Amino acid sequence: MAKLNFGGVLEEVVTREEFPLEKAREVLKNETIAVIGYGVQGPGQAQNLRDNGFNVIVGQREGATFEKAISDGWKPGETLFSIEEAAARGTIVMCLLSDAAVMSVWPRLKPHLTTGKTLYFSHGFAITWNDRTGVVPPADIDVILVAPKGSGTSLRTMFLEGRGLNSSYAVHQDYTGNALQKTLALGIGIGSGYLFETTIEREATSDLTGERGSLMGAIQGLLLAQYEVLRENGHTPSEAFNETVEELTQSLMPLFAQNGMDWMYANCSTTAQRGALDWMTPFHDAVKPVVQRLYASVKSGEEAQRSIDANSKPDYRVGLEEELRALRESEMWQTAVTVRSLRPENN
């Protein structure tokens, strides 16, 4: 492992140079990797492992997602099976179902987790809050996690581009004594850029905080607040959207993603620099208490329970689609459709 300096804090990470693909193949050469669930993370991880030369099968119930797996080259009866059969065949069972699906499938999945097998997650939700989910793995198996820091689509796209998506990893239960090697091999096999250590509990807590915070919830709230203020003061939809979203995503985000916020500041006008430096502290001071309340809600299990309760409602999908429709049809995101159509690459 390489010990690197992260803002003055030394942290050990695993890179492809230290754990090359050839080593990963050697570690897993006798394993049958069963990817359970072909929804969000399943396609990217399964296809990347297959393309990297590992022995992979998929478990998915019949329906539209089963048909998608067929279109991606998985063959029924050969590399594509029911969830139960794939779990029975696999020596490594990669549970990539949604959190709600893990809870409902667990009673059918657990009997196939026999002595010496490996149970793999990409999200620590089910284990962290197992007093609420009922997901308690057998004591005589390995339980591990590799969590790509992005969507399954991004994982696959970056793999095809020759890049990698960073992932966290954890060994939660090491029955065989070889759990760490299998974890790192799978992390390299799915196409990770580099791997950093966590625990299943820390991954679940940070993941839920990030989704509700800067990755999704907070960013929508911030963008909408600024867009509304501009519109309320007479700015057109196009101007409000460009100043709020388009310039951020198309111009500024690539700059600070590549070289950092300080570099992005240095490459903006002096007026922008001064304003950003003056206002970043008031925004920080206003937002940090919200993030603290969010983290406490996640840590306590309140957010997990809210998610479980919502997903358990028989009409949840109907209500979810209505909420997403309202978001999609809002003026800001309808303006986005028009703005995207006017980008040079679309003309």
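Computed from a predicted structure; not experimentally measured.
Atom CZ of Arg343 sits in a crowded spot, with more than 12 heavy atoms from other residues, nucleotides or ligands closer than 6.0 Å. Annotation for Arg61: atom CZ does not count as buried by contact number, only 12 or fewer foreign heavy atoms lying within 6.0 Å. Sparse packing is recorded around CD of Glu62, with 12 or fewer heavy atoms of other residues, nucleotides or ligands lying under 6.0 Å away.
The residues Arg132 and Glu302 are annotated as not salt-bridged, no charged nitrogen and carboxylate oxygen being separated by less than 4.0 angstrom. A salt bridge links Glu322 to Arg325: at least one charged side-chain nitrogen sits closer than 4.0 Å to a carboxylate oxygen. Residues Arg156 and Asp51 are paired through a salt bridge, judged by an N-O separation under 4.0 Å between the basic side chain and the carboxylate. Ion pair Asp72/Lys68 flagged as a salt bridge, since at least one NZ, NE, NH1 or NH2 atom sits closer than 4.0 Å to an Asp/Glu carboxylate oxygen. In this structure, Glu303 pairs ionically with Arg306, as a charged nitrogen and a carboxylate oxygen lie closer than 4.0 Å.
The hydrophobic cluster containing Val105 also includes Ile36, Ile83, Val93, Leu97, Val102, Trp106, Leu109, Leu113, Leu119, Phe121, Ile127, Val135, Ile141, Val143, Leu145, Ile200, under a criterion of side-chain heavy atoms closer than 4.5 Å among ILVMFWY residues, counted directly or through chains of members. Through direct or indirect side-chain contacts shorter than 4.5 Å among Ile, Leu, Val, Met, Phe, Trp and Tyr, Leu320 is connected to Tyr316, Leu324.
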Next item on the list: Show your reasoning for whether side chain to side chain contact (heavy atoms under 4.5 Å, CB included) applies to Glu26 and Glu22.
Entry: CA-CA 6 Å; Glu26 179 63 24; Glu22 293 74 19; over 6 Å; no
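Put simply, Phe241 and Met253 are part of the same group of oily side chains (I, L, V, M, F, W, Y) that touch within less than 4.5 Å, one to the next. Follow the hydrophobic side-chain contacts under 4.5 Å out from Leu224 and you never reach Leu294; the two are in separate clusters. A single hydrophobic cluster is not seen to contain both Met103 and Leu96; linkage of ILVMFWY side chains at heavy-atom distances under 4.5 Å, directly or through other members, places them apart.
Residues Gln273 and Thr270 bring no donor and acceptor atom of their side chains to less than 3.5 Å of each other. Using a 3.5 Å distance cut-off with no hydrogens or angles, the side chains of Asn346 and Ser341 do not pair a donor with an acceptor. Of the N and O atoms on the side chains of Thr198 and Ser168, not one donor lies less than 3.5 Å from an acceptor on the other residue.
Test Asp174, Thr176, Leu180 against Asn178 for side-chain contact (heavy atoms from CB on, under 4.5 Å) and you get one pass: Thr176.
Side-chain contact between Val56 and Trp74 is present, with heavy atoms from C-beta onward closer than 4.5 Å. For the pair Ile33/Leu186, a side-chain contact is recorded, criterion being any heavy-atom separation below 4.5 Å from C-beta on. Counting only heavy atoms from C-beta outward, the side chains of Leu28 and Ile92 approach each other to under 4.5 Å. Counting heavy atoms from C-beta on, the side chains of Thr115 and Tyr175 come closer than 4.5 Å.
Under the 30°/60° scheme for interplanar angles, the aromatic rings of Tyr194 and Phe6 are found to be tilted.
Between Ser151 and Gln41, the closest heavy-atom pair is C-NE2, 3.7 Å.
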